[in-house]
Amino acid sequence: MNTRIALVMHDPLGEAFEACARHVLGRVPDLTVFDIVPDADPPTQTGRILDWMRTQGPGEPVLILCDLYGATPFNIAAQAQRQALEDGYVVHLLTGTNACMVLKALTDQQENPESLSERVRQGALRGIVNAEPPCDC
């Protein structure tokens, strides 16, 4: 059983990450995007995410990737996570999402969601490189 992946981000960032993944992987990525518009109603958006989670039941783990910690999309995702955890779901939430994280999540899915969550987080860090040209000193 693979971990299901959702992007909960400021509109249109989730769709942009999905398009990037499609381009790099050469296939439609197996993820769900919840782009949050500026005037979105948080309880309604939380309900949409919970409805998506409930389509598979609590046996299927979920990884939610958000763009900014503390922002509205994160708060919506965190509320959905709290409610889902209370209902017995396995849900991990990571913020600061970059393209490396999305690609790592899509290509490194496994049954252990705790390990996947940490590997995705590590993938983000490995993707941050100071690519300054070497000094000709």
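Positions are given from 1, in the same order as the sequence printed here.
- Linking ILVMFWY side-chain heavy atoms closer than 4.5 Å, directly or via other members, places Val37 and Val33 in two distinct hydrophobic clusters.
- No continuous path of hydrophobic side-chain contacts links Phe34 to Leu68 [ILVMFWY only; heavy atoms under 4.5 Å].
- Shortest non-hydrogen contact noted between Ala77 and Ile64 is CB-CG2, 3.9 Å.
- Between Leu63 and Ser117 there is a side-chain heavy-atom pair separated by less than 4.5 Å.
- Note: Met53 CE to Thr32 OG1 = 10.5 Å, rounded to the nearest 0.5 Å.
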List the atom pairs, donor and acceptor, that lie under 3.5 Å between side-chain atoms in residues 86-106 and the rest of the protein, sequence neighbours left out.
unit_1, atom_1, unit_2, atom_2, d
Asp87, OD2, Arg54, NH2, 3.4
Thr97, OG1, Cys66, N, 3.3
Thr97, OG1, Cys66, O, 2.7
Asn98, OD1, Cys100, N, 3.1
Asn98, OD1, Met101, N, 2.9

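- Residues Val120 and Val62 are members of separate hydrophobic clusters, defined by side-chain heavy-atom contacts under 4.5 angstrom among Ile, Leu, Val, Met, Phe, Trp and Tyr.
- Here the CE-CD1 distance, from Met9 to Ile36, works out to 11.0 Å after rounding to the nearest 0.5 Å.
- The aromatic rings of Tyr69 and Phe74 are tilted relative to each other, their planes meeting at an angle between 30° and 60°.
- Within the model, atoms CG of Asp41 and CD1 of Ile76 stand 8.0 Å from one another, a figure rounded to the nearest 0.5 Å.
- Atoms CD and OG, on Glu118 and Ser115 in that order, are 8.0 Å from each other to the nearest 0.5 Å.
- Minimum heavy-atom separation, Leu116 to Thr3: CD2-CB, 3.6 Å.
- A donor-acceptor contact shorter than 3.5 Å links the side chain of Asp35 to the backbone of Gly14.
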Step by step, work out the side-chain contact (heavy atoms from CB on, under 4.5 Å) result for Leu65 and Leu31. CA-CA 10 Å; Leu65 302 175; Leu31 56 79; over 6 Å; no

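- For the atom pair OG1 of Thr55 and CG of Leu50, the computed distance is 11.5 Å after rounding to the nearest 0.5 Å.
- Residues Arg119 and Gln122 bring no donor and acceptor atom of their side chains to less than 3.5 Å of each other.
- Cluster membership check: Leu13 shares its hydrophobic cluster with Val24, using side-chain heavy-atom separations under 4.5 Å among Ile, Leu, Val, Met, Phe, Trp and Tyr.
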